[in-house]
Novice: 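Take this structure, written in structure tokens, and hold onto it; I'll ask about it next.
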Amino acid sequence: MARGLTAGMNTAVAGEKAVVVRLVEIQHGGGTIRWATSAQDISWGGHTWTAIGGVMNVGGVQESPDLRGAGIPIEMSGVDGSLVAVIMTNAFRGYETLVYRAHIAAAGTIVADPFLEFRGYQNGNYQVTDDPRTEQGGGGT
């Protein structure tokens with residue numbers, strides 16, 4: 001698939017004054033959730049993208065002509081329990097996920113049009129683990 005950046009995104013990439021964030025839109029049986037890897041919520045595209053309050057690593061896009069092989073790993077750590085509850089209580093398989101790469105200014109505003117990095121269907125289950133060694137304040141639930 002050919003990919004091109006808008007003029008605004010080319011300018012943002014060439015400059016070194018913006019922070020790179022990922023915007024993740026995950027559709028599921030109960031609706032759509034929008035999360036951001038930023039430190040604060042971001043407004044873009046008529047939606048609010050919620051800062052997850054922990055760490056969200058979005059891996060590299062794994063492209064393949066076989067649709068079952070295309071994917072992108074997303075890993076979250078230290079996030080609010082309500083985010084985990086959404087994952088645990090809704091159907092995701094067969095619903096679409098979009099991942100955008102965006103540049104934001106210090107004020108938290110989008111510098112340029114985010115680049116659609118991945119668009120695909122969820123074809124696997126989520127794995128949720130509770131590791132008490134990584135919890136703050138000791139003790140688990």
Novice: So how far is it from Leu23 CG to Ile104 CD1, rounded to the nearest 0.5 Å?
Specialist: 8.5 Å

Novice: Evaluate the side-chain proximity of Val20 to Arg101: yes if any heavy-atom separation is below 4.5 Å, no if none is.
Specialist: yes

Novice: By the ring pair (Phe, Tyr, Trp, His ring centres under 6.0 Å) test, which pairs, at least two apart or in different chains, include something from residues 75-95?
Specialist: His28-Phe92, Phe92-Tyr126

Novice: Shortest non-hydrogen contact from Gly29 to Asn90?
Specialist: C-OD1, 4.2 Å

Novice: Under 4.5 Å between any side-chain heavy atoms of Ser82 and Val86, yes or no?
Specialist: no

Novice: If you round to the nearest 0.5 Å, how far is CZ of Arg22 from CZ of Phe115?
Specialist: 10.5 Å

Novice: Would you mind writing out the side-chain donor-acceptor pairs for residues 38-55 within the sub-3.5 Å range, not counting sequence neighbours?
Specialist:
| residue | atom | partner | partner atom | Å |
| --- | --- | --- | --- | --- |
| Ser38 | OG | Gln40 | O | 2.5 |
| Asp41 | OD1 | Ala51 | N | 2.8 |
| Trp49 | NE1 | Trp44 | O | 3.1 |

Novice: Answer yes or no: does atom CZ of Arg34 have more than 12 heavy-atom neighbours from other residues, nucleotides or ligands under 6.0 Å?
Specialist: yes

Novice: Which pair of heavy atoms, one from Gly94 and one from Tyr121, lies closest together, and at what distance?
Specialist: O-CD2, 3.2 Å

Novice: I need the minimum non-hydrogen distance between Leu98 and Leu116, along with the two atoms involved.
Specialist: CD2-CD1, 3.9 Å

Novice: Between the side chains of Gln122 and Thr97, is a donor N or O closer than 3.5 angstrom to an acceptor N or O?
Specialist: yes

Novice: For side-chain contact (heavy atoms from CB on, under 4.5 Å), just list the numbers for Thr32 and Glu25, CA-CA rounded to whole Å, side-chain angles, deciding distance to a tenth of an Å, and then say yes or no.
Specialist: CA-CA 7 Å; Thr32 301; Glu25 178 180 294; 3.5 Å; yes

